Each structure stands twice: as C-alpha cells, then as structure tokens.
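One structure is given below, encoded as structure tokens.
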Amino acid sequence: MLEWYDAHARVLPWRVPPGSGEAADPYRIWMSEIMLQQTTVVTVKAYFERFTARWPTVADLAAAEDAEVMGEWAGLGYYARARNLLKCARVVVADHGGSFPNTEAELLTLPGIGPYTAAAVASIAFDQPAPVMDGNIERVMARLFAVEAPLPGSKPVLKAHATRLTPAERPGDHAQALMDLGATICTPRSPACGICPLMAACFARAQGIAADLPRKAPKKVKPTRLGYVYVARRADGALLLETRPEKGLLGGMLAFPTSEWSDAPEEAPPFEADWRDTGVEVRHTFTHFHLRLTLRQTEAPMDLAPERGEFVPEALFKPSSLPTLMRKAYDLSETDHDPA
DNA sequence: AAGGCGGGGAC
DNA sequence: GTCCCAGCCTT
C-alpha cells in the first residue's frame with residue numbers, strides 16, 4: 001500500500017509529499033479534515049486556500065470574528081462545522097498553549113473532532129498508529145474482505161479489519177493511501193479493479209461482487225416542505241437580512257427572513273408592506289427534505305426600523321457570504337444586480 | 001440507536 | 001430524480 005502511495009499520492013494543498021521529510025502542520029491537517037467531512041476534495045480546495053491565507057495559524061483563527069468565519073464558510077454546508085471550528089481554535093489557544101494535542105484521546109475531546117478526525121489528525125500530523133475509518137476505508141474494507149452484511153451494522157467488523165491493517169510505520173500515509181484508493185480506484189460505482197494494487201488480495205474482486213459492496217440499509221424518502229422568503233430592498237440598495245439562531249438549520253448564517261417551513265405555511269412578513277408575488281419559487285434540497293419557497297419582494301421605506309434583522313448597506317453586502325439557499329433567493333430576486 | 005445537518009458532482 | 005462524499009452532535 002505504501003509503495004503504491006509513494007508513486008501515486010495525489011497532490012493536495014494540505015498534504016506533505018511522501019518522502020519529502022517535511023513535517024505536516026497540525027493546524028492545516030485539522031482544518032482540511034474538518035472541511036473534508038462529508039465534502040469532496042474538489043469542493044474543499046478553494047475554501048482551504050482562502051481560510052489558511054486569511055488565518056495562517058490557529059491563533060489567527062481564534063482571534064477572528066464569528067461573522068467573518070461564518071461568511072467565509074458560506075456555501076460549504078454543515079455550518080455547525082464552522083461554529084465548532086472557531087470554538088476548537090479558541091480552546092486550543094486558551095487551554096493548550098496554541099498547539100494541538102498529539103494524542104487521539106485528547107483530540108477527541110475538542111469541539112467538532114469525532115472518531116474519524118481524531119484518528120486522522122493523530123496519524124497524519126503526529127505519526128501515531130490510530131486506525132482511521134471513513135466512508136472510503138469502509139468501502140475498501142468491505143470489498144477487500146467481502147463483508148456482505150449491510151452498513152451501518154457492519155461498521156464494527158470493518159473497523160476491526162482496518163485496525164488490524166494499520167501499520168506502526170507511517171500510519172498517516174497508510175490511511176491517506178486507503179482514502180486515495182477509495183477516491184480514485186475503489187470507487188462506489190464501477191471500481192477500477194483492473195488497476196488496483198490490492199487486486200490479488202481482494203475477496204470481493206475474486207467473487208465478482210466488488211461493485212455490489214458495501215451493501216446499505218434502504219434510505220427514507222425526503223418529504224417536501226413549503227414556505228415564503230421575503231426580500232426587502234431600500235431605495236439606497238440596502239437589503240433586510242438577519243443572522244439565524246445558532247442551533248438548527250443554517251445556524252449562525254446570514255439569511256433573508258422566511259416563514260415557517262411546513263406542509264401548509266402561513267405568511268410571516270418581517271414588516272407590513274405591499275409584498276409582491278413575484279411568481280418565482282426558490283427550490284433547494286437539504287439532507288432530509290426538499291424545500292420550495294415562494295419569493296415575496298417589496299421596496300422598503302428609508303425610515304423603516306425593522307423588528308427582525310437589519311438593513312445591510314449595499315457596500316457591505318457580499319452575496320458570497322450567504323448560504324446557498326439564500327444565495328438562490330438573492331439571484332432570483334428582481335433587481336438591477338447581475339445574477340451572473 | 002436514530003435523526004438533524006449542506007451542497008455539489010456523477011450518473 | 002438518487003447516491004455519494006476524509007462525520008459530528010444531540011436526543
């Protein structure tokens with residue numbers, strides 16, 4: 001596995017090339033692992049570059065304003081990660097002298113760091129033989145040992161296989177090798193068994209069932225929820241926006257006011273006005289439901305003091321600081337701005 | 001143990 | 001449209 005990795009390791013912004021002798025920066029490894037949770041490498045790259053350029057050290061990040069970090073994270077999703085990222089940076093500075101702890105057990109106590117991330121940081125940044133388990137490695141183990149029991153019940157068996165294979169030497173490169181393999185060869189559909197370095201050892205390949213593994217429990221159907229979203233613009237271009245509550249969907253993110261989201265939502269405009277029915281529907285799909293928001297718009301008087309949210313001057317408003325649902329509403333709203 | 005929690009790309 | 005992704009937290 002390590003020979004294959006030395007020859008084929010992907011070049012990634014947070015990765016130290018194998019054999020370079022360079023030490024990995026725990027801050028950068030941690031940052032990349034948080035961003036990579038349930039998120040593809042392609043998506044993460046640009047965010048990782050922006051974050052590390054703006055905040056080069058954990059102390060820089062710990063000193064940042066909450067709104068700056070949430071705005072920079074906008075579009076990446078799973079916003080609890082951004083809130084925990086900042087919490088974690090502040091704990092590392094306040095309680096660990098600005099250096100990440102170097103054991104799996106200590107890392108596991110930090111906000112936003114669970115079993116996967118603790119093992120990944122311990123092995124990649126600190127060269128400790130902590131067995132790393134993620135979706136890629138689960139799939140590789142299920143195929144390598146032809147585990148036919150469905151996920152998530154089979155997780156303990158897959159973890160046992162991964163633990164047994166974790167070497168004392170270069171455990172971080174071993175873990176990254178398995179993840180690279182899962183991402184490029186042992187893919188969910190149409191695995192490229194013909195060029196796989198583990199071809200000779202793989203039981204699923206021998207049985208011709210590689211593409212059928214891992215089996216998974218059937219998923220639930222996503223319901224559709226409805227609602228209204230209210231875009232109010234003043235003559236000077238300022239937009240009415242609010243910061244959503246810390247907990248829950250899009251927590252801590254900038255947003256246009258909306259009604260409740262349900263089967264039969266009631267209108268809930270942020271202030272009394274002649275709200276135009278634009279005839280536009282904003283469609284978006286979250287992890288567990290589809291959403292359709294009817295777009296309402298109005299011109300707000302300059303002297304209005306809203307009870308919800310506040311008017312953000314045009315010069316201070318960055319569309320890129322909105323989560324994608326709200327960015328869609330902004331792009332679909334009728335204005336003189338260029339949707340491109 | 002189960003459910004909440006984003007978004008984009010591949011098919 | 002569905003499935004998947006370097007998962008974590010709450011209940």
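Nothing here was measured: the structure is a model prediction, and the numbers come from that model. We use all heavy atoms of the structure for the numbers below, so side chains are in, but hydrogens, waters and symmetry mates are not. So that the names make sense, note that chain A is the first sequence line, chain B the second, and so on, each numbered from 1.
Identified under the side chain to side chain donor-acceptor pair (under 3.5 Å) test for residues 74-86 of chain A, with sequence neighbours left out: T39(A)-R81(A).
Here L178(A) lies out of heavy-atom contact (under 4.0 Å) with every strand. Backbone-only engagement by T117(A) is indicated by non-hydrogen atom pairs under 4.0 Å involving sugar-phosphate atoms exclusively.
The two residues V93(A) and A62(A) make their nearest non-hydrogen contact at CG2-CB, 3.7 Å. When all heavy atoms of F48(A) and W14(A) are compared, the pair lying nearest together is CZ-CB, 3.6 Å.
A centroid separation of 6.0 Å or more is found between the aromatic rings of W275(A) and Y228(A).
With P as the reference atom, dA6(C) and dG3(B) are 24 Å apart, rounded to whole Å. Rounded to whole Å, the separation between the C1' atoms of dC8(C) and dG9(B) comes to 23 Å. Taking the P atoms as reference points, dG6(B) lies 16 Å from dT11(C), given to the whole Å.
In this structure, the CG atom of L293(A) is 15 Å from the C1' atom of dG6(B), given to the nearest Å. The OH atom of Y5(A) sits 12 Å away from the C1' atom of dA6(C) (whole-angstrom rounding). dG6(B) atom C1' lies 12 Å from atom CZ of R83(A), rounded to whole Å.
Scanning residues 30-41 of chain A for heavy-atom distances under 4.0 Å to DNA chain B yields Q38(A), T39(A). Within residues 124-141 of chain A, the residues that place at least one heavy atom under 4.0 Å from DNA chain C are, in residue-number order, D134(A), G135(A), N136(A), R139(A). Of the residues in residues 157-175 of chain A, not one places a heavy atom less than 4.0 Å from an atom of DNA chain C.
Formation of a donor-acceptor pair under 3.5 Å by the T163(A) side chain with backbone atoms of K159(A) is found in this model. Remark: side-chain polar atoms of R143(A) are paired, donor with acceptor, to backbone N or O of A210(A) under 3.5 angstrom.
A salt bridge is absent between D25(A) and R15(A); no separation between the charged side-chain nitrogens and carboxylate oxygens falls under 4.0 Å. For the pair K87(A) and D66(A), the salt-bridge criterion is not met [side-chain N within less than 4.0 Å of a carboxylate O]. For the pair R139(A) and D134(A), the salt-bridge criterion is not met [side-chain N within less than 4.0 Å of a carboxylate O]. Classification of E299(A) and R234(A) as a salt-bridged pair fails, no side-chain N sitting under 4.0 Å from a carboxylate O. By the 4.0 Å N-to-carboxylate-O rule, D263(A) lies too far from R225(A) to be salt-bridged with it.
Cluster annotation: L144(A) is not connected to L213(A) through the hydrophobic network of ILVMFWY side chains, with a link wherever side-chain heavy atoms come within less than 4.5 Å.
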Each nucleotide N or O in nucleotides 9-11 of chain C that has a protein N or O under 3.5 Å away: list the pair and distance.
{"unit_1": "dC9(C)", "atom_1": "OP1", "unit_2": "G112(A)", "atom_2": "N", "d": "2.6"}

Strictly under 3.5 Å: I want the nitrogen or oxygen pairs between protein and nucleotides 2-5 of chain B, one per line.
{"unit_1": "dG3(B)", "atom_1": "OP1", "unit_2": "K220(A)", "atom_2": "NZ", "d": "2.4"}
{"unit_1": "dG3(B)", "atom_1": "OP2", "unit_2": "K220(A)", "atom_2": "NZ", "d": "3.4"}
{"unit_1": "dC5(B)", "atom_1": "OP1", "unit_2": "L249(A)", "atom_2": "N", "d": "3.3"}
{"unit_1": "dC5(B)", "atom_1": "OP2", "unit_2": "H288(A)", "atom_2": "NE2", "d": "2.8"}

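The residue among G182(A) and V221(A) whose nearest nucleotide of DNA chain C lies closer to the 5′ end is V221(A). Looking at which nucleotide of DNA chain B each of V42(A) and G77(A) is closest to, the 5′-most match is held by G77(A).
Distances shorter than 4.0 Å separate some side-chain N or O of T324(A) from OP1 or OP2 on dG7(B). Distances shown here put a side-chain N or O of H284(A) below 4.0 Å from the OP1 or OP2 atom of dG7(B).
Judged by distance alone, the side chains of H284(A) and K328(A) do bring a donor and an acceptor atom under 3.5 Å apart. Residues T117(A) and Q37(A) have side chains that bring a donor and an acceptor to within less than 3.5 angstrom of each other. A donor and an acceptor atom, one from each side chain of T109(A) and E106(A), are nowhere located under 3.5 Å apart. Defined by atom type and a distance below 3.5 Å, a donor-acceptor pair is present between the side-chain atoms of T258(A) and W261(A).
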Requested in this report: Please assess L304(A) against F311(A) for the test side chain to side chain contact (heavy atoms under 4.5 Å, CB included), listing each intermediate value before the final yes or no.
Outcome: CA-CA 9 Å; L304(A) 178 69; F311(A) 282 94; 4.0 Å; yes
